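First comes the structure, then the notes that go with it.
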Amino acid sequence: MPRLFFHELRSQQLLFWRNYEAAFFTFALPIIFLVLLGAVYGDSEIDGISGSTFLLAGMIGYAVASSAFAGLGITLVIRRESGVLKRVRGAPIPPAVHLSGVIASTLIVVAISVVVQVLIGHFAFDADWPSSPISFVVELLIGAAVFAALGLAITGLIKSQEGSSAVVNAIYLPMAFLSGAFFSTSSMPAFLEAIANVLPLTYLLRMLRGSFVEGDTIADHGTNIAVLLAWGVAGLIFALRRFRWEPQEA
Amino acid sequence: MSAVEVSGLRKSYGSDDVLHGIDLVIPEGEVFALLGPNGAGKTTTIEILEGYRERDDGDVAVLGVDPAKGDASFRARIGIVLQSSAVYPRLRVDQMMRLFAGYYPNPRDINELLELVGLADRIRDRVRTLSGGQKRRLDLALALVGDPELIFLDEPTTGFDPEARRRAWTTISDLRQLGKTILLTTHYLDEAHHLADRIAILRKGKIAAEGTPAELLSETELTEIRYRRDGEIVVVQTRTPTATLNELTSEAIAQGVELEGLEVRRPSLEDFYLNLVEDD
Ligand SMILES: Nc1ncnc2c1ncn2[C@@H]1O[C@H](COP(=O)(O)OP(=O)(O)OP(=O)(O)O)[C@@H](O)[C@H]1O
Ligand SMILES: [Mg+2]
């Protein structure tokens with residue numbers, strides 16, 4: 001079983017980096033935003049922390065949603081509709097092992113993205129190091145797992161290959177803005193704030209920003225973790241019921 | 001033990017009753033062809049046997065396993081060519097093969113397989129650059145990569161050029177020599193005739209005829225005599241070809257005319273098939 005898992009993981013890495021468009025949107029774009037926006041307001045102060053640290057945490061959260069939710073969801077819908085998932089389902093790899101391999105591959109992409117961003121943030125824009133690296137990593141893992149569950153779930157709502165990026169982008173781009181990945185939401189109108197207060201990315205960002213503040217650990221984020229896990233469990237339940245291996249478009 | 005045993009298989013999609021009571025037994029080592037018009041339910045049947053679709057009723061055993069409950073060890077023993085091909089378009093041919101070979105406990109040699117299906121010269125090309133027929137050949141190679149005991153081929157040679165089709169026929173005959181069991185569907189009657197030990201024709205949700213090609217042919221006794229008269233093709237069907245031919249030729253000789261393009265033809269499987277499915 002471990003052999004199958006690592007074979008799948010290796011294969012998925014190959015597939016990911018071969019898919020230049022997807023690699024650009026989920027891996028490169030958050031890094032590009034970090035550099036561009038860092039040049040614009042890296043020196044200012046936002047919500048009580050330095051602009052570059054604020055932005056770094058924001059772009060890391062954005063990268064998590066981008067890879068684990070958007071990239072995963074779109075890729076799986078395209079594979080499902082093209083019949084590749086059906087072919088995989090006919091091979092002797094248990095479905096759970098296949099999907100674990102796909103998700104683990106996504107986590108690797110997230111991990112590389114985070115490392116690159118932390119380094120760029122620190123050395124190019126003077127952003128802080130995470131004050132508690134272990135908490136930081138655990139928070140990222142929780143966030144990535146939750147968004148991966150939501151990525152699996154969203155495939156159950158999309159019936160066609162053409163619809164996949166439209167639907168997914170329509171969900172996660174506004175989410176990224178409202179949650180404050182790109183800018184402070186402190187002056188947002190109340191109704192937008194109400195929406196932001198249910199979005200999972202809002203809670204991931206609160207934790208990530210906290211982890212750059214001295215003395216802040218995961219133990220200080222019970223509520224944030226609870227909300228995230230609730231989203232994750234809901235996504236997982238929905239995915240278990242609605243995930244399909246065969247093309248849905250007749 | 002038979003490789004496939006099906007009795008009383010039923011399937012409907014909503015109110016669309018597709019299979020109403022199919023019985024099939026395919027002994028190990030046999031090449032079995034399932035024929036029938038578009039929409040007859042061939043793919044439905046084959047995908048129930050592969051474990052993709054659920055049946056409404058009936059008993060099904062594939063390699064002694066109920067495919068609806070088949071797990072990875074069951075899937076390691078079967079090879080599948082689906083009706084529509086599916087690939088990772090950005091991988092190279094060899095990468096695609098290696099990816100799937102890695103799923104199986106005892107994969108076959110990839111170079112040898114690509115040689116077998118005539119893709120050896122495309123091994124380092126991206127899958128998306130293959131032509132339709134070449135993708136189909138890759139499908140066949142992928143179905144064989146796990147060295148399966150039982151192979152399902154749903155219209156495996158659709159889109160093949162004549163040479164590739166002959167090559168596929170050789171591949172399938174070789175697999176049979178190795179003792180593999182093969183269930184295939186096709187719309188090419190000559191293919192079924194050439195390859196199959198036994199044939200079943202599916203029509204209106206039932207098996208309308210079943211037997212060896214020779215048995216099916218012996219059910220049609222009509223011989224066809226064709227010739228041209230005044231530029232028009234005349235077709236005579238007869239149960240007594242010797243007498244009829246004698247009559248025709250005597251008459252022609254008496255009149256001093258030539259029966260142009262004279263041809264005496266045993267009915268083909270295609271004639272039998274068309275006869276069977278036409279009176280709907
Ligand atoms: N997933 C499905 N949902 C609803 N109806 C279906 C589905 N799959 C097949 N059918 C219907 O069942 C019937 C049999 O389809 P099937 O694909 O098994 O035929 P077939 O014999 O393989 O045809 P072909 O030669 O065209 O491949 C058709 O009327 C088809 O419309
Ligand atoms: Mg079919």
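Labels below follow one simple rule: chain letters A, B, ... track the order of the sequence lines, proteins then strands, and each chain is numbered from 1. All values derive from a computational prediction rather than experimental measurement.
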**Item:** Region of B:Arg77 in contact with chain A, defined by heavy-atom distances below 4.5 Å
**Value:** neither
**Prompt:** Got a second to check how far B:Lys204's NZ is from B:His20's NE2, nearest 0.5 Å?
**Reply:** 9.5 Å
**Asked** Heavy-atom distance under 4.5 Å to chain B: side chain of A:Glu81, backbone, both or neither?
**Response** neither
**Request:** Please flag which part of B:Glu47 lies under 4.5 Å from any non-hydrogen atom of chain A: side chain, backbone, both or neither.
**Result:** side chain
**Message:** Can you classify the ring geometry of A:Phe33 versus A:Phe182 as parallel (below 30°), tilted (30 to 60°) or perpendicular (above 60°)?
**Reply:** perpendicular
**Part of B:Leu82 lying under 4.5 Å from any heavy atom of chain A** = side chain
**Request:** Please flag which part of A:Arg3 lies under 4.5 Å from any non-hydrogen atom of chain B: side chain, backbone, both or neither.
**Result:** side chain
**Message:** Heavy-atom cut-off 4.5 Å, strictly under: side chain, backbone, both or neither for A:Val88 against chain B?
**Reply:** both
**Item:** Max heavy-atom pair count under 4.5 Å with chain A, selected residue of B:Leu99, B:Val145, B:Leu142, B:Leu91
**Value:** B:Leu99
**Item:** Validation row: B:Leu183, B:Leu49 side chains within 4.5 angstrom (heavy atoms)
**Value:** yes
**Request:** Decide yes or no on side chain to side chain contact (heavy atoms under 4.5 Å, CB included) for A:Thr155 and A:Arg244, but give the supporting numbers first.
**Result:** CA-CA 8 Å; A:Thr155 65; A:Arg244 293 288 177 273; over 6 Å; no
**Prompt:** Would you say the side chain of B:Thr185 lies within less than 4.5 Å of the side chain of B:Thr43, judging by non-hydrogen atoms?
**Reply:** no
**Prompt:** Are A:Asn19 and B:Arg90 close enough that some pair of their side-chain heavy atoms sits under 4.5 Å apart?
**Reply:** yes
**Request:** Let me know if A:Leu4 has heavy atoms under 4.5 Å from chain B in its side chain, its backbone, both or neither.
**Result:** side chain
**Complete:** Honestly, the part of B:Tyr52 sitting under 4.5 Å from a heavy atom of chain A is both
**Item:** Greatest number of heavy atom pairs closer than 4.5 Å to chain B - which of A:Pro95, A:Gly83, A:Pro94, A:Gly90
**Value:** A:Gly90
**Asked** Between A:Tyr62 and A:Tyr172, how do the two ring planes meet: parallel, tilted or perpendicular, split at 30° and 60°?
**Response** parallel
**chain A contact via B:Asp139 - which portion, at a heavy-atom distance below 4.5 Å** = both
**Message:** Applying side chain to side chain contact (heavy atoms under 4.5 Å, CB included) to B:Met97 and B:Leu113, what does each step give before you reach the verdict?
**Reply:** CA-CA 9 Å; B:Met97 289 294 292; B:Leu113 268 178; 3.9 Å; yes
